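Here the structure comes first, spelled out in structure tokens, and everything after it is commentary.
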Amino acid sequence: MVSRFLEKKVEIECDEFHQRPNSKLELEYYLLEREGGKSGDNESEKTFGIEILKKNDGVLNETKQYENIFNTREKTKGLVKLLAENTVTPSTLPYILDDLLGM
């Protein structure tokens, strides 16, 4: 079973340079935790991943998640923090993870 924990929420106010002025873009960054690891054989082993949700004016319109990135919560939290600080979106997440981790 996968548990989700909201780690960071970033709100961006759009301006006249964006398609929809006065709209709000929200990015939510989640830490994912799975019991039992990749194979599910060892119940005590945990693996961690990330999920990013993108909302426009409160309506979910894009999401992307990757499980089993790290075996420690601390490394995963560090990655989530880096992604949030750089406002990585779900559509750019695969490219960023490939650059950072070679996934």
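In this text the structure is predicted, and so the values were computed from the model without any measurement.
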Test side-chain contact (heavy atoms from CB on, under 4.5 Å) applied to L60 and L53, step by step: CA-CA 7 Å; L60 178 67; L53 277 64; 3.9 Å; yes

Side chain Y29, main chain V10, donor-acceptor under 3.5 Å: no

Shared hydrophobic cluster for I52 and L25 (ILVMFWY, side-chain gaps under 4.5 Å): yes

Intermediate values then yes/no, side-chain contact (heavy atoms from CB on, under 4.5 Å), K46 and N71: CA-CA 6 Å; K46 292 183 181 181; N71 289 326; over 6 Å; no

N/O donor-acceptor pair under 3.5 Å between D57 side chain and K24 backbone: yes

Non-hydrogen side-chain atoms of T63 and P90 separated by less than 4.5 Å: no

Side chains of E35 and M1 in contact at under 4.5 Å (non-hydrogen atoms): no

F70 vs L101 side-chain heavy atoms within contact, under 4.5 Å: yes

Gap separating the NZ atom of K75 from the CZ atom of F48, nearest 0.5 angstrom: 12.0 Å

Residues E7, K77; criterion side-chain contact (heavy atoms from CB on, under 4.5 Å); working and verdict: CA-CA 8 Å; E7 292 293 317; K77 280 187 157 204; 3.4 Å; yes

Single-linkage hydrophobic cluster V80~L82, side-chain heavy atoms < 4.5 angstrom: yes

Approximate separation, where rounding is to 0.5 Å, of K55 NZ and K9 NZ: 6.0 Å

4.5 Å side-chain heavy-atom contact, E67 and V2: yes

Within 45° cone and under 6.0 Å: R4 NZ/CZ vs Y30 ring: yes

Stepwise side-chain contact (heavy atoms from CB on, under 4.5 Å) check, I50 with L93: CA-CA 10 Å; I50 56 171; L93 180 60; 3.8 Å; yes

K64 with E51: basic N within carboxylate O range, under 4.0 Å: no

Result of checking T76, T47, L79 against I69 for side chain to side chain contact (heavy atoms under 4.5 Å, CB included): L79

Value rounded to 0.5 Å, distance of CD in E62 from CG in L27: 9.0 Å

Pair E26 + K54, salt bridge at N-O below 4.0 Å: no

Qualifying residue for side chain to side chain contact (heavy atoms under 4.5 Å, CB included) with I96, from T89, N86, L83: L83

Check: P94 main-chain N/O paired with D98 side-chain donor or acceptor under 3.5 Å: no

